[in-house]
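To keep things clear, I will list the structure first and then write my remarks on it.
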Amino acid sequence: MLIDGRQLAAGTTLQADICIVGTGMGAISAAHPLVRAGRDVLFIETGPMTASRRDPPSVRIESVGRPFGIATSRGLEVGGGTAFWHGVCAPLDDEDFRARAWIAHSGWAITRADLDPWYALALDFLCGGQDMPQDTAGHHGGMAHGMGNMLASKAYRYRSPPFRGKPILREWCRDGKARCVYNSTALQLRQRHGGTQGLAGSVLVGSGAQRFEVRANRFVIAAGALETPRLLLNSLGRHGMAQPPSWWLGRNLIDHPAGYLSQVTFRQPLAARPKAHASAGKEDVQVFPGLMLRREFQQTHRLPNHAVFIRKGINRRPVPNKAVMSFLGVRGPRDIGLSHVALLVRHPYILWRIAHQKLPLDLRSHHGDLFFMTEQLPNPDSQVSLSEHERDRYGMPIARVHWQLSRQDIEMFTQYHELLMDGFRGHGDVSGCRADPMTGWRDTCASAAHHLGTARMATTPQHGVVDPDLKVFGFENVWVSDGSVFPTAGSVNPSLTICALGHRLGSHLTALR
């Protein structure tokens, strides 16, 4: 059943076995095993069925840090971030889970091996098949050869059209397998009446001009790395809920600072991107490579796990990075504003890039623009807290977002970029390189819409917010299922990992009685 929360009477109380706050990747993934097991699941979604740029966002933030630099970084509608997800799937590397001596606060409470079975399930869930070719040398994966022990090629998968959570959720609701209350913002977890401290009994929800309550046995917070800490911070220390909160709650807001910088010119034109089919009758799945730092190279040079992609360039000129990145997260005409139209007129490169990515054009070019997706270092000073001044319409503090890059982030990327360009200059397939000034990266790199880290996983509350099973420390019946549980970011798109963790959590909850 789909329910517009604005139509509920004030003071309504809804009952469920499991209440999931959010409808994005982490929410849908955690719910999948629960729905299949016939459990009573109720979703709470802050946004409408479909969001429009003309409508004000359903939840606001007070941004006091570095701007994200993109059109949309959150999916505030039914389906959450899956509504504008590009569909790129790749797992984190073994190294991402390890504690690295040169990166403070690194190391996960689980290993890559722990997650491997769930990665396989997530890949099938998102890409509709695992029988995909691994060979990526046909595009630029072969560039890893001739670079010594520096780079390795990593296969990324992209299903066209991408997975969307909204149709699945609609189907569950239509078939009576789940309920979803939309246009409804979770405000605060409240203690169960007569229950022990840390046992949540309900969540207070605001919708339209009124409030209502959802009572449940268990709660899964999947609101994203900006809103999950806001909800928990507004809940902790009130009504006898667990206190004090973990020092880490809201801290460590990390992302994948991304953008174009520099160019490589090849002796032979870049080959077309390979395409493969998952199986007959299913959607197309493209396989393309990213170039990752080898573990040994990271250790020797004490570097994060950055990734670089070589994309065909239109000419020798630098990419207008700030303008291009402002289009990241644009879901279609509904997100295009006058500022975007002006950028399209000023920068033909953007139209060329869109045509190259969206149309089956076999464009030839010797120029390879370098697109970087970098690993941001764990940073307790980059954080989400509660605003001291701004309140929502229900009188609750909104999220105060202070995203920042550290000096070490810039210094380590500078070192990596210099080593990478030296490697390209010595490569036999390369006829020339253009290394752009690092000020261009520092000033124009943007969020990849991958907000992570603000409820990080750890073995103790001294080191994180949730335990290895994603249960919030200090709570008996509250879990988190979104990117906020990442202790470190790696440099691959996080959706596959969020999906794997969500299915792992959903299976864990299914086993509980």
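Nothing here was measured: the structure is a model prediction, and the numbers come from that model.
For Arg317, the CZ atom is loosely surrounded, since the number of other residues' heavy atoms within 6.0 Å does not exceed 12. For Arg425, the CZ atom counts as densely surrounded, since its 6.0 Å shell holds more than 12 non-hydrogen atoms of other residues, nucleotides or ligands. No more than 12 heavy atoms of other residues, nucleotides or ligands lie within 6.0 Å of CZ in Arg170, so this atom counts as exposed by the packing criterion.
Ring geometry for Phe309 versus Phe371: interplanar angle of 30 to 60°, hence tilted. The aromatic rings of Phe288 and Tyr156 lie parallel to each other, their planes meeting at an angle below 30°, with 60° marking the opposite boundary.
Here the closest heavy-atom approach between residue Gly22 and residue Phe43 is recorded as O-CD2, 3.4 Å. When all heavy atoms of Ala449 and Ser73 are compared, the closest pair comes out as CB-CA, 3.9 Å. Nearest heavy atoms, Thr50 versus Lys166: OG1-NZ, 3.0 Å. Closest approach of Ser106 to Arg100, counting heavy atoms only: OG-N, 2.7 Å. Considering all non-hydrogen atoms of both residues, Leu386 and Asn234 come closest at CD1-OD1, 3.4 Å. Of all the heavy atoms in Ile28 and Gly165, the pair that sits closest is CD1-O, 4.1 Å.
Taken from NE2 in His301 to CE in Met412, the straight-line distance is 12.5 Å, to the nearest 0.5 Å. Separation of atoms CG (Leu123) and CZ (Arg159) is listed at 11.0 Å; rounding is to 0.5 Å.
Evaluation of the ring-ring contact (aromatic ring centres under 6.0 Å, His included) test over residues 481-500, restricted to residues two or more places apart or in two chains, returns Trp108-Phe486.
For the 3.5 Å distance criterion, the side chains of Gln263 and Asp369 qualify, holding a donor opposite an acceptor. With hydrogens and angles left out, the side-chain atoms of Asn252 and Thr454 include no donor and acceptor closer than 3.5 Å. A donor atom on one side chain and an acceptor atom on the other are found under 3.5 Å apart for Asp255 and Ser447. Judged by distance alone, the side chains of Glu375 and Ser491 never bring a donor and an acceptor atom under 3.5 Å apart.
Taking the charged nitrogens against the carboxylate oxygens, Asp93 and Lys154 do have a contact shorter than 4.0 Å, which makes a salt bridge. Between Glu390 and Arg60 there is a salt bridge, since a side-chain N of the basic residue sits under 4.0 Å from a carboxylate O of the acidic one. The residues Asp409 and Arg407 are annotated as not salt-bridged, no charged nitrogen and carboxylate oxygen being separated by less than 4.0 angstrom.
Arg456 places no side-chain N or O within donor-acceptor distance of the main-chain N or O of Val485, the cut-off being under 3.5 Å. Checked by atom type and distance alone, the side chain of Arg112 pairs as donor or acceptor with a backbone atom of Leu92 at under 3.5 Å. The main-chain N or O of Gln404 is found under 3.5 Å from a side-chain atom of Ser382 such that the two form a donor-acceptor pair. Judged by distance alone, the side chain of Asp114 and the main-chain N or O of Thr111 form a donor-acceptor pair under 3.5 Å. In this structure, the side chain of Thr488 does not engage the main chain of Gly490 through any donor-acceptor pair within 3.5 Å. Without hydrogens or angle criteria, Asn493 side chain to Ser495 main chain gives no donor-acceptor distance under 3.5 Å. Between the Arg442 side chain and the Met438 main chain, no donor and acceptor come within less than 3.5 Å of each other. Listed for the Arg230 side chain is no donor-acceptor partner under 3.5 Å among the backbone atoms of Ser385.
Thr46 pairs with exactly one of Val59, Asn183, Thr23 by the side chain to side chain contact (heavy atoms under 4.5 Å, CB included) rule, that one being Val59. Of the residues listed (Glu95, Gln298, Arg295), the one engaging Asn305 in a side-chain hydrogen bond (donor to acceptor under 3.5 Å, both in side chains) is Gln298, and it is the only one.
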side-chain contact (heavy atoms from CB on, under 4.5 Å) evaluation trace for Leu501 with Tyr119: CA-CA 8 Å; Leu501 289 169; Tyr119 269 138; over 6 Å; no
side-chain contact (heavy atoms from CB on, under 4.5 Å) evaluation trace for His306 with Met292: CA-CA 6 Å; His306 297 318; Met292 315 292 296; over 6 Å; no
Step-by-step side-chain contact (heavy atoms from CB on, under 4.5 Å) determination, Asp482 to Thr228: CA-CA 9 Å; Asp482 57 39; Thr228 287; 2.7 Å; yes
Steps toward side chain to side chain donor-acceptor pair (under 3.5 Å) verdict (Gln383, Trp248): CA-CA 9 Å; Gln383 69 178 111; Trp248 281 99; over 6 Å; no
From CA spacing to verdict: side-chain contact (heavy atoms from CB on, under 4.5 Å), Leu121, His503: CA-CA 8 Å; Leu121 191 156; His503 276 88; 3.1 Å; yes
Worked check of side chain to side chain donor-acceptor pair (under 3.5 Å) between Ser262 and His417: CA-CA 9 Å; Ser262 303; His417 181 258; 2.8 Å; yes
Test ring pair (Phe, Tyr, Trp, His ring centres under 6.0 Å) applied to Tyr260 and Phe372, step by step: CA-CA 6 Å; Tyr260 288 91; Phe372 295 92; 9.1 Å; no
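Side-chain rings of Phe163 and Phe125 approach one another, their centers coming within less than 6.0 Å. The ring of Phe68 has its center closer than 6.0 angstrom to the ring center of His451. Taking the six-membered ring for Trp and the full ring otherwise, the centers of Tyr158 and His86 sit at least 6.0 Å from each other. When ring centroids are compared, His366 and Phe266 stay outside the 6.0 Å threshold.
Counting only heavy atoms from C-beta outward, the side chains of Leu293 and Met150 approach each other to under 4.5 Å.
Residues passing the side chain to side chain donor-acceptor pair (under 3.5 Å) test with His105: none are found, sequence neighbours excluded. Looking at residues two or more places apart in sequence or on another chain, you find a side-chain contact (heavy atoms from CB on, under 4.5 Å) between His463 and Ala458, Thr460.
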